Structure formats: structure tokens, C-alpha cells
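A short worksheet on the structure shown next.
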Amino acid sequence: MDPECSRLLPALCAVLADPRQPVADDTCLEKLLDWFTAVTEAGSSLLLLQENPCLVELLFHVLKSQDLSSRILSFSLRLAGIFAAQEDCFQYLQQGELLPMLFGEVGPLGGAAWTAPAVRSGWIQGLRTLAQHPSALHFLAACGAVDTIFSLQGDPSLFVASAAGQLLVHILDLAMRGPAEGRRSPQACDWPACAQKIVGHIEDSLCSTAIPQVTQALSVLTTAFGHCHGLWTQGLWVRLSPLVARLLEKDPVPASHSLVDLLLSVARSAPSSDRGLWETLAQTLSHLSPTQAGPLALGILKLQDCPQALRTQAFGILLQPLACVLEAAAQAPGPPGLLEGAAADSMMVDTLLSSKSACVGLLCCALAHLGLLQPLPQRPSPWPQAPLLGAAVTTLRLCSGSAAPTSDVGGRLCAILVGCGRVQRAALDFLGALSQGTGPQELVTQVFSVLLEYLVSPESSSMVLKKAFQATLRWLLSSPKTPGCCDLDPHTQLFLRELLPVLQKRLCSPCWEVRDSGLEFLTQMTRHWGGQAGFRQALLASEVPELTKQLLRDPESYVRASAVTATGQLSSWGLCATPASPECPGAQQESLLVELLHILSTDSEGFPRRAVMQVFTEWLRDGHADVAEDAERFVAGVLQAASRDLDWEVRAQGLELALVFLEQLLGQRSSHCPYAVALPETAPPGVLDQALQVLCRVQLFEFAFRALFDCDRPVAQKSCDLLLFLRAKAAPCGSSQEAGDSPNVASVEATLQRWQAGEQGQPLGYLEPGAVVALLRSIDLEGLRDTLAESSDHVEKSPQSLLQDMLAAVGVLGENEADCY
């Protein structure tokens, strides 16, 4: 331990032990425990206590004081656990009977303080830390701690109850590391007494008629099989599996969610040859209700090694709700046998029709589970793509009211689902996931038809429309290409001609979320299809580009930001609104550039300004025609606006744009290409001189050096990286003008020092290339980078600072001794 910390420790212990002093806040106490944990992990706890007896005195004083706060008592219990985790220190504390007084019945356990959840939690955490060696097991048995832990499983505080269960698992694992460790699935008669007691308690709980006790036992076992990997867990399952299976005989099955968690935890850790486990899983699927069985079925299908019969049974359970939908709507489920084993049964139908909440919950779970399963390599094969597409389309039509079911069940189902946004969103998500597969053209046509129906419908909520746009995009991007043709296939082009008028309408929606979703959809479509002739023709024939440009002046900042991104993408592909004068094809583009610069300079919200900077960076990187025409003027204007911006993300993006410009000047235009030839570490003198002159003219260094001392650390870090990159290219050849020949280096350095001190009013003015090189060599950029890499509170996080602050808070230290940040 640091000598200064040792000097401060007695005073701190006195403060903590004094009930008249204000209690330190929880954050300081947690930091103090973290520090003691680090100290004991790095050295001897026994030596620490011998050199700092005030720590033991604090623990003894805590036992005597009647007025101490629950937080200090909890802290002391946890602190004792940290020290006693090392066996020699445990024995040292045992000699003074300190541990029994802290954790036994004579301590807080039998006092009024025990009513505070913080004390019970500290008691559990202290024992959890302490239980690291065989001596701790004997202590737990002798002081009756295990029985107390049993009772704390039912604590009204969920945090305490959960911690008690985890502590039981830890003790069980510690006990089984002893005599039984290394044996092949040790028999129950070989288990230590402590382990026998815990397992006996679990057995009693599993046989209980009280559901909370059953739940506690199942949760402990789930944690054990999830975190303990010794061979003894196999013996534990052999012993307890009959009791677990007996739960299935009860109606309803108690604690079904906890039972599912346990069985899946066991299945992930058990050998694939365990036939008994697979039989139990199959029985559980049969006994649980449709809603309860879904998560278990999904978990089974995610297992790597699982009998095919069980996989088929599990998949059938996931498919059953959708099979009911198809049957109720009188839709043919596809070729015979494709959904074999998933036919709608009376129990499933009854569940769907029992209430709206049950129907909605079951359908949403089935759609979500199948959507999660679809991209997995271990999904069932063959995958019933066509029936699932039909079921998703039918579900959406039932929800919109456009389906015309002929059966009584279909009519009742339609009445339940019509207008249900939750099922609509789940079905649209699932439909989007199915775009990764293929299907008959007739079904694909139905998919696009129902998506267009939802995009057109005035009943679609903003969230449903967002999901519909996302699903539509996924299906459009997965559309097959016509053989021998690089353009869009005829079906897609036909759909686009129907879609774009709908998009126009949505861009004029009074709901800003809808306008925003439409712009995001347009941006993604343009990014992927901007070069496709069919898309270009359909888009330019519509009013979408003009409407998008008008949304740059939308009253909602999120919409303006999305409009900036969309117009930037359209402009990159030459798809902006057609100019009024055919003789001036560049007029519209120029006005867009001016308008985006105006947004960057004047918009009151940060989101649009950030979007403008991202668009400008992409334009510069991709060689946008209007930017490349006069890149120097463009960069100068953008950097001037960015340097004045109050939003740190705008300034940081300005530095990103500056780096792109620098790379291009140095001949690294293809640096983002993975096949680019590696360039030399330094740039040729001629290239460097020309680049420095251009950078000085656009005042890039004024921006970068000012950003170097920015109050927002990410900006300063980015500036530091930029200047280090330039210095690496400049060394060792330097500039044609040597550093010593530059007359204004000293004045610039003085200005930078004032900037660093917070006085940033004075500009640098025009810099000569030689002065720039000299500055880059004189500034300790590596040291600054290291300083910026440290956390902002690295000084305050030191143990010494922590102790000083805690003492200063109660007036023990003088004003100048505290590190009050």
C-alpha cells in the first residue's frame, strides 16, 4: 500500500466508525472496496492488517456501535469478506472471534440492523467473497450461515433473494471441488456434508406445494448448471431429474418459466448421449401450454446436438400458431407434408380464441421465435419458406381487415386481430426476415402487394409504417437479377412505379415520424440502386427528389437531418431535382451545395448540421463532381463553418473531412480501397510542399491546432491523430523552408500556449509551410495523445485522492489537502 494512503487510513477508519459523522456516499464506499480488493489481490491480506491495525479496529468497533448506519455496516461486512478470502488472514481473524461475531447469530444477524436490505445484502456479499477455501466451508457450517441463506432465498428484496441463490451455488461448487473433485460423476454418498445439506434443501423445495419454493430451487439449479462445469453436475442431474420430471405431472405445471430455463441450461452442458434428458424435454414440450412451450422449443432448435425427433416436435410447436392462421383463413399451406406435425389442434385454436391478449401474445411470440431461427445455420431443413410466407401475408391481411375468411374460426380470429399494431409489427419483422430466402413468384407478388397495402393504408401507425418500409427495402434488395442483365427485373420495376407515388404521399405526411421513415427508406434505396437505370428512370419521373429537397426546411430537426442525408445520396448519383433550365445542368447541384452550407452555418439543431458534415465528407471522399471542381474552396468554407460550431460532433467530423482532404493532397486518394498499394511513410518533398501550401490557404491548421486544445476530448484526440499523421509524412525530409528560417514560429507557439490556457480569442493568422513543420516537431503530440487517452478523472480515481476527498467531506483535512474535483 502507498505510504501516503497508510498515513490517511487511521483517520478515515475513525470517520467511518463515528456515527456522528455524515455517512460517505455509496459511490465512495464502492470505490474503497474496489481499492481494497485490488490491494489484497496484489499482496498479502494478513500483512495489510498487521501493518494497518486500524482496519481490524474498525471491524470490532462496528460490532459494538448501536447507532451506525446500515451502509457502513454493510460496507464492513463486505470488507471483512475481502480480507478473509485468503486463508491465512481468515485464520488470523478467527483467532479474535471476529468473523463469528460479524457473520454469526451474535452479530448483525440477530440485531435490529438486519431489517435493512443493505445489511442483508452486505452479509451475503461478504460471505460470497470469503468462501474461497476449505476453512470457509467449516466456518459456514459452524455458524449456521447455510440455514440463513436458505431463508434469504425468499427475501422480499429481489436483489437479496437473487444473491442468496447465487451464494448457495458458489458454496456447493466450492464444496464439490474438495474430496469429490476429479472423480467421475461422484456418487451422492461421497459428497461433503455441506453439499448434502444444500442438495437436500433443493430436493425438499422441488417437492413443495408452494410455487415460490419450487421457483427458488429451479433458479439455483439453473445457475449451477450454467456456471459450474465439474463432473459432479452430472451426478446432481441424475439425482434430481426424477423430481424435476415429477413437476410435469401437475396441472398446471408450476414455475414453468424457471423449469424451461433449467432444462435448457442442463441441455447446453449435458453430453448428447443423455437419453433421459431428451425424453424429459419431449415430455415438457407436451405438457406445457402453447405460450409456455414456445421459448423451450426455440431453445431446443438452437442446440447443436439434439435428436431429430425432438427437433421435429419443437419446430412443430413453433409452427402451430401460423398453421392455425392458414387453416382459419382457408389458405392452402403448400405441398402436402410441408407443415406435417404442425397441423392446428384444438388446444392451439382454443388458446388463440380465448382472449385478445392470449391470441396477440401467442402470435407475436411465434413470429419472433421463427424470425430468430430463420438465419441460424442449425435451423430445421427443409425450411418451409412458402407456407411461412403465406402465413405472414395472411396474418397481415387479417390485421388490416382485407382478408375474407370463410370459416367461423377465421371470422373470430379476424375480429380479434383487426387493427392490432403489435401483431402487425411482429409480422412485418418476420416478413422482412423471410426475404433472405426464396419463394414462388405468386407468393412474392402477394408479399409486395400486402406491403404496398400497408404503406398506402391511412390506418397504418407511424411504427407500422416504419416496419413496412424496412420490410419493403429488404425484399427489394433481395429481388433476383434478370439473367444477362444488370438492371432490375420487370416485377421490381413494376412495383417501383407503384411504390414511388406512395412514398411521395408519405413524405408529405403531417406526422414527422412518417416523413422521417420515408426519407430513411429513400436513402437506403438510393445507396443500393443509384446506378440502376430502371430505378433512376422511375425516380426522376416522380416528385420524390423535389419533395426531399423541400424537407431540408422541415420544422422537425430529425426530418431535416434525414433530408440532408437523402439529398446528399441523391446528389452523389446525380438524382437531385431536375434543374429548371436545361442549359445549366449544374445550377441545381450548386444551389444544393449552397443550401447545405447554409444549414451547417445556421441550423439551430445539431442533428442536421452533423448530417451535413457527414454528407460533405462522403462527397469529398468519393470525388463528387461539384466538390472536385474547386475542392480547395469547398474545404475552406466547410472548415470555417465547422470551427465555429458549438456541437463537438460537428467539429470532430470536420477533422475527419480534413484528414480525407490531406490524404488526397498527399496522393492517398485510394487509401480506403483494400487493394491499394502501400504508400511510403513519408511524402516526397515536392508533394509535401504543395500540400502544405494548400492546407495553409484553407486554414486547416488554424482549425486543427485550435481543436488540439478543445474542451471535448474526442475532438482533441482526432486533431492529435491528424497532426501526428501529417508529421509522419513530413519527417524527416521536412519542407523547403527550414524551421529556423520561419520568423513567426515563436509568435505562433505563444498563441498556442494561450489557447491551451483557455484564451482562444486571438487567431493564428496565415501560416507558412515551414512554420507548420516546425510546430509539428516542437509540440509533444505523443505526450498529448497519451494524456488524452487517460480517463478524465484519472487523477481523482487514485486511492490517495479518494481518501483525501472522503476526509475532506467531514472537515478532517485542511482546505488545501483535499483533491476536490
Side-chain angles (χ1 to χ4, degrees), residues 5-6 8-37 39-40 45 48-49 52-85 89-90 92-94 96-130 139 143-145 148-149 151-152 155-157 159-160 163-164 167 799 802-813:
C5 291
S6 293
L8 295 171
L9 209 49
L12 179 66
C13 288
V15 167
L16 293 174
D18 188 352
R20 296 169 301 177
Q21 296 288 2
V23 180
D25 65 77
D26 290 336
T27 304
C28 287
L29 294 176
E30 288 293 334
K31 288 181 178 180
L32 206 54
L33 288 170
D34 290 341
W35 173 54
F36 279 118
T37 300
V39 170
T40 54
S45 298
L48 175 65
L49 295 186
N52 300 276
C54 59
L55 292 170
V56 179
E57 292 170 7
L58 170 65
L59 297 178
F60 272 113
H61 189 86
V62 163
L63 291 169
K64 299 174 186 176
S65 177
Q66 300 297 318
D67 304 322
L68 214 56
S69 75
S70 59
R71 286 190 292 176
I72 297 298
L73 185 52
S74 175
F75 165 82
S76 303
L77 290 166
R78 294 172 64 187
L79 184 63
I82 291 171
F83 296 145
C89 190
F90 174 89
Y92 174 76
L93 294 174
Q94 274 287 72
E97 294 295 314
L98 179 59
L99 293 179
M101 288 190 287
L102 281 170
F103 295 100
E105 293 183 359
V106 296
L109 186 59
W114 191 251
T115 57
V119 174
R120 301 196 298 275
S121 177
W123 186 86
I124 291 174
Q125 292 180 70
L127 285 181
R128 172 66 176 81
T129 311
L130 176 152
F139 169 72
C143 72
T148 304
I149 300 168
S151 66
L152 288 175
D155 196 273
S157 166
F159 294 104
V160 173
L167 177 55
L802 174 64
L803 299 180
Q804 288 174 337
D805 288 341
M806 293 180 71
L807 290 171
V810 294
V812 172
L813 288 183

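Note that these values count all heavy atoms, side chains included, but never hydrogens, waters or copies made by symmetry. Not measured: the values here are computed from a predicted model.
Side-chain contact between Leu12 and Leu58: absent, with no pair of heavy atoms (C-beta onward) separated by less than 4.5 Å. Side-chain contact check for Val15 versus Met806: every heavy-atom pair is 4.5 Å or farther apart. Taking 4.5 Å as the limit, every side-chain heavy atom of Ile124 sits out of range of all side-chain heavy atoms of Leu77. In this structure, the side chains of Cys28 and Asp805 stay at 4.5 Å or more apart for every pair of heavy atoms. Using a 4.5 Å heavy-atom threshold, the side chains of Pro100 and Gln94 count as touching. Leu99 is listed as a side-chain neighbour of Leu130, based on a closest heavy-atom distance under 4.5 Å. Residues Ser121 and Ser157 fail the side-chain proximity criterion, which asks for heavy atoms closer than 4.5 Å. Put simply, the side chain of Leu98 reaches to within 4.5 Å of the side chain of Leu63, judged on heavy atoms.
Atom OG of Ser70 and atom CZ of Arg120 lie 10.5 Å apart (nearest 0.5 Å). Note that CD1 of Ile82 is 6.0 Å distant from OG1 of Thr129, once rounded to the nearest 0.5 Å. To the nearest 0.5 Å, atoms CG (Leu49) and CD (Glu57) are separated by 11.0 Å. To the nearest 0.5 Å, atom CH2 of residue Trp35 and atom CG of residue Leu802 are 8.0 Å apart. Atom-to-atom distance recorded for Leu55:CG and Phe60:CZ is 12.5 Å, nearest 0.5 angstrom. Rounded to the nearest 0.5 Å, atoms OG1 (Thr37) and CG (Leu32) are 10.0 Å apart.
Minimum heavy-atom separation, Ser76 to Leu59: O-CD2, 3.5 Å. Between Leu68 and Ala17, the shortest heavy-atom distance links the atoms CD1-O, 3.7 Å. Closest non-hydrogen pair, Ser74 versus Ala118, comes out as OG-O, 3.0 Å. When every heavy atom of Ser45 is checked against every heavy atom of Thr40, the shortest pair comes out as OG-CG2, 3.2 Å. Pairing each heavy atom of Ser151 with each of Thr148, the nearest pair is OG-O, 2.6 Å. When every heavy atom of Ala80 is checked against every heavy atom of Leu93, the shortest pair comes out as O-CD1, 4.4 Å.
None of Val62, Leu29, Asp26 except one satisfies the side-chain contact (heavy atoms from CB on, under 4.5 Å) rule with Phe75; the exception is Leu29.
Under the salt bridge (Lys or Arg N to Asp or Glu O under 4.0 Å) criterion, Glu30 pairs with Arg78, sequence neighbours left out.
For residues 105-114, no pair satisfies side-chain hydrogen bond (donor to acceptor under 3.5 Å, both in side chains), with sequence neighbours left out.
Aromatic ring orientation, Phe90 versus Phe139: perpendicular (interplanar angle above 60°, classes split at 30° and 60°).
Asn52 places a side-chain N or O within donor-acceptor distance of the main-chain N or O of Leu48, the cut-off being under 3.5 Å.
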